[in-house]
Protein chains: 2
Amino acid sequence: MDLIQLQAAFTGELAAVNRKLRALVDERARGMGLTLSRARLLMELAREDGPIQSDLAGLLDIEQPTLVRLLDGLERNGMIERRAVEGDRRARRVFLTESARAQAQDILNFLTELRAGILQGIAPEELEAALDVLRRTSRNIAAGRSAAP
Amino acid sequence: MDLIQLQAAFTGELAAVNRKLRALVDERARGMGLTLSRARLLMELAREDGPIQSDLAGLLDIEQPTLVRLLDGLERNGMIERRAVEGDRRARRVFLTESARAQAQDILNFLTELRAGILQGIAPEELEAALDVLRRTSRNIAAGRSAAP
DNA sequence: GCAACATAAATAGCATGCTAATGATTGTCA
DNA sequence: TGACAATCATTAGCATGCTATTTATGTTGC
C-alpha cells in the first residue's frame, strides 16, 4: 500500500469510525434522552456550570448556531436552563438543572464505560500515538483553512 | 494523563478532526459542486460504474436512505444517472454521466492533494499505526452493537 | 453624544447521518 | 400455487454540523 492509498484509507476510516461511534451512543443512550453531543455538553457544564453560550461553544469546539439548537433540545428536556447575565443583556449563562446535575455522574460513568469498551485491547501507548496523529491532523487542517495554498 | 482521560481525549479529537475535515472539503470543493460524501461516491463509481443502489451503499458503508439523498443531489447536478435493471424491476443501477466521468480525474487529484496537505509531516509508519487503531476501534464498535454487553 | 464597529444569540437554509415505515417486486416453500 | 418472507428503493422525521444573515446590545473613537 503506497502513501496515497494509506492516506485515503486513513481519512476514510476516520469518517467511518465517527459515524459508527455516533450510532452506537445514540442507540445506547436513547433511553436516557441523550446523544453524544448532548452528553458532551452536559459533561462540560458538570465540570464548570454557568458559561455564556459563546464561551461554551468555544469549549465544545462547535459553532454558535449548532450550540443554540443543542441547548434548545436540552432545555425542552428540562436538563439545562438559560439565565440572563446582569450587566450584559445580549448574553445568557447556561446552567444544569437540578435533575440533570443529579444524573451527571451516571452519564459520566456511562460514557467512560462506553469508551473503555470501544477502545478495549488498545494499549495506552498506541492510543497516545494515534491521538498525536489526530492532533497534528487537526492543526494541519486549521492551518490550511486560514491561508489557501 | 490516565487511561480514562486519554480515551476521552481520543474520542473527542476523533470527532473534532472529522468536523474540521468536512468543513475544509466543503469550503474547497464548493465551486466544483462537491462535498466530501459526494466526492467519495463519485470516486467509487469511477472505480466501478453501474452498481445497484444497495450494493453501492454497502461499498460506501452508509445506509440506503442516506445514499438515496446523495444520489438525488448528484442527479440534479447532472453527475450521475439511475437506470432500470432488466430482470429486477425493484433495482436501479447507478452510472456516472459523461461530464462527471470527464471530471473524475480532476476530483481524484483534488482529493489526493487535499489529503496529502492535511496529513503532511506524518510519517507512513505513524499513519499506519493510527489506521490500525481506528480499524480496531471500528471492530470493537461493531462487536458491541450486535450483542449488548 | 453619536456613528461605526464588535459581539451575543437566534434564525434560515443546506448537507449528512440515522431509524422506522411504505410500496413495489421477487423469492420461497408447504 | 399462493401465502409469507425477503429485498430494493423511497419517504418521513429527527439530530448535528456548517455558513450567512438578522436582531439586539455594547464599545469605541472622533
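Protein chains get the first letters and strands the later ones, always in sequence-line order, with residue 1 at the start of each. Computed from a prediction, not measured in an experiment: that's the story for all the values here.
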Are OP1 or OP2 of [N] and a side-chain N or O of [X] less than 4.0 angstrom apart?
| X | N | answer |
| --- | --- | --- |
| Arg22(B) | dC18(D) | no |
| Arg92(A) | dA10(C) | yes |
| Arg30(B) | dA15(C) | no |
| Arg89(B) | dT26(C) | yes |

Using a heavy-atom cut-off of 4.0 Å across all strands, would you classify [X] as base, sugar-phosphate, or nothing?
| X | value |
| --- | --- |
| Leu70(A) | sugar-phosphate |
| Arg93(A) | nothing |
| Asp26(A) | nothing |

Hey, does the side chain of Thr97(B) reach the backbone of Met79(B) with a donor-acceptor pair shorter than 3.5 angstrom?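 Flag set: sc Thr97(B) to bb Met79(B) pair under 3.5 Å.
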
Give me the residues of residues 37-54 of chain A where at least one heavy atom lies under 4.0 Å from an atom of DNA chain C, by number, or none.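 Hits under 4.0 Å, by residue number: Ile52(A), Gln53(A), Ser54(A).
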
Phe110(A) six-ring centre to Arg28(A) NZ/CZ under 6.0 Å and within 45° of normal: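 No cation-pi geometry.
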
CG/Leu134(B) to CG/Leu134(A) distance, rounded to the nearest 0.5 angstrom?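 Reported value, rounded in 0.5 Å steps: 6.5 Å.
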
Can you tell me how far the CD atom of Glu13(A) sits from the CG atom of Leu131(B), to the nearest 0.5 Å?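 Here the rounded value is 6.0 Å.
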
By nearest heavy atom, map Asp55(A) and Arg19(A) onto DNA chain C; which one lands nearer the 5' end?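 Checking each residue's closest nucleotide, the 5'-ward one belongs to Asp55(A).
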
Residue met sooner reading DNA chain D from 5', once Val68(B) and Arg90(B) are mapped to nucleotides: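 Going by which nucleotide is closer to the 5' end, it is Arg90(B).
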
If you look only at distance, which donor and acceptor atoms sit under 3.5 Å apart when one is on a side chain in residues 46-54 of chain A and the other is two or more places apart or in another chain?
unit_1   : atom_1 : unit_2    : atom_2 : d
Arg47(A) : NE     : Glu44(A)  : OE2    : 3.2
Arg47(A) : NH2    : Glu44(A)  : OE2    : 2.9
Asp49(A) : OD1    : Leu96(A)  : N      : 3.1
Asp49(A) : OD2    : Arg101(A) : NH2    : 3.0
Gln53(A) : OE1    : Arg82(A)  : NE     : 3.0

Taking side chain to side chain donor-acceptor pair (under 3.5 Å) as the test, write out the residues that go with Gln103(B), two or more places apart.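 None.
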
